[in-house]
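Notes follow once the structure below has been shown.
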2 protein chains.
Amino acid sequence: MRNSKLYKGSLNTIILKLLEEKGKMYGYEITQKVKEITKDELRVTEGALYPALHKLEAEGFLEVEVAKVDNRIRKYYKLTEAGEKETVNRLLALEDFIRNMQQLVNPKWSLE
Amino acid sequence: MRNSKLYKGSLNTIILKLLEEKGKMYGYEITQKVKEITKDELRVTEGALYPALHKLEAEGFLEVEVAKVDNRIRKYYKLTEAGEKETVNRLLALEDFIRNMQQLVNPKWSLE
DNA sequence: ATATATACCTAAGTATCTTAGGTATGTTAG
DNA sequence: CTAACATACCTAAGATACTTAGGTATATAT
């Protein structure tokens, strides 16, 4: 990731959401897509990404399909059924988190 | 914190913002205030809070004032000048983070 | 020929949290 | 009156998720 420590813990959610949206993606593609969407403000480093993908796979949330394109290996990941459920939960948790952070940071409560 | 890994890295920002708003606060007060604001959805544990306060103080962002109330010690923390600047930066980083996460999670980009 | 892009990977170190304690005083319920 | 809960501080061990810094290999552009 880039600069901010805030991103800690959100990588899995990002991966799951991208896969939900795109159907299947390979690792390098994910790094590029995040760069593109966030206009280079957020970079998923490979040192964080690959272990995260392997863990999500080990937990049964992702499955892999290996392909060979231009003489190079690609590992396409897609959500399992459990992964789809997990994605829903993670997105709900993200919404809660953002709502809570906004409540903490927007000073409405200071008028109490 | 509570349940979600998303909160990792956001504790310092929460502390700084609360102190900016309230002027001065003591540790236990911070834990209660966060519970109150987030309607018990987010709990700052003392095991995370006190080391974080000590670190922010060591970094020169907070200064301490010890008081005795009802025969119990309270350590009031408030922002230094450097702490005020840091708070501005952390809040900007939080806004960036939230904006980026919303862009990643809101599927506008999937229409491309 | 060299750098950059694509594409995978791991290991050591760092940071931030959780969990699980510890100390001590004040207050409330049975 | 005593036991539980609230207030108020603290630390240490362990878990986890990153960053940093490598490594391998092929394709393409300068």
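Just so you know, these numbers use all the heavy atoms, side chains as well, and skip hydrogens, waters and symmetry mates. All chains are named by letter (A, B, ...) in the order of the sequence lines, taking the proteins before the strands, and each is independently numbered beginning at 1.
- Rounded to a whole Å, the CG atom of A:Leu49 is 15 Å from the P atom of C:dT6.
- One can place NZ of A:Lys33 at 19 Å from P of C:dA5, the figure rounded to the nearest angstrom.
- Side chain of B:Ser4 to main chain of A:Ala93: no donor-acceptor pair is present (N/O by atom type, distance under 3.5 Å, no hydrogens or angles).
- Within the 4.0 angstrom heavy-atom criterion, no nucleotide atom of any strand lies near A:Lys68.
- Between A:Asn71 and the phosphate of D:dA27, there is a side-chain N or O to OP1/OP2 separation shorter than 4.0 Å.
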Distances under 3.5 Å between nitrogen or oxygen atoms of protein and nucleotides 9-12 of chain C:
{"unit_1": "C:dC9", "atom_1": "OP1", "unit_2": "A:His54", "atom_2": "NE2", "d": "3.2"}
{"unit_1": "C:dC9", "atom_1": "OP1", "unit_2": "A:Lys75", "atom_2": "NZ", "d": "2.8"}
{"unit_1": "C:dC9", "atom_1": "OP2", "unit_2": "A:His54", "atom_2": "NE2", "d": "3.3"}
{"unit_1": "C:dC9", "atom_1": "N4", "unit_2": "A:Glu46", "atom_2": "OE1", "d": "3.4"}

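- Residue B:Arg72 is classed as a base contact, given a heavy-atom separation below 4.0 Å to a base.
- Between A:Ala52 and A:Asp70, the residue whose closest nucleotide on DNA chain D is further toward the 5' end is A:Ala52.
- Of the charged side-chain nitrogens involved, at least one lies within less than 4.0 Å of a carboxylate oxygen, so that B:Glu41 and A:Arg99 count as a salt-bridged pair.
- Ion pair B:Glu29/B:Lys33 not flagged as a salt bridge, since none of the NZ, NE, NH1 or NH2 atoms sits closer than 4.0 Å to an Asp/Glu carboxylate oxygen.
- Between the CD atom of B:Glu65 and the C1' atom of D:dC9 there is a distance of 16 Å, given to the nearest Å.
- Evaluated for a side-chain contact (heavy atoms from CB on, under 4.5 Å) with A:Gln102, the options A:Leu104, A:Asn100, A:Asn106 yield exactly one hit, A:Asn106.
- Taking 4.0 angstrom as the limit, A:Tyr26 places a side-chain polar atom (N or O) nearer than this to OP1 or OP2 of C:dA7.
- Judged by a 6.0 Å distance limit and a 45° cone about the ring axis, A:Lys75 is not positioned over the six-membered ring of A:Tyr26.
- Rounded to whole Å, the distance from CG on A:Asn12 to P on D:dA17 is 7 Å.
- Donor-acceptor pairing under 3.5 Å, judged by distance alone, is absent between the side chain of A:Lys8 and the base of C:dT16.
- Between the P atom of C:dT18 and the CG atom of B:Leu11 lies a distance of 8 Å, rounded to the nearest Å.
- In this structure, B:Ile73 atom CD1 and C:dG26 atom P are separated by 12 Å, rounded to whole Å.
- Here the options are A:Ile14, A:Ile15, A:Asn12, the test is side-chain contact (heavy atoms from CB on, under 4.5 Å), and the partner is A:Arg90; only A:Asn12 passes.
- Checking the phosphate oxygens (OP1, OP2) of C:dT16, no side-chain nitrogen or oxygen of B:Lys5 falls inside 4.0 Å.
- Straight-line distance from the CD1 atom of A:Ile15 to the P atom of D:dA17: 11 Å, rounded to whole Å.
- More than 12 heavy atoms of other residues, nucleotides or ligands shown are found within 6.0 angstrom of CG on B:Leu92.
- Atom CZ of B:Arg43 is separated from atom P of C:dA20 by 15 Å (rounded to the nearest Å).
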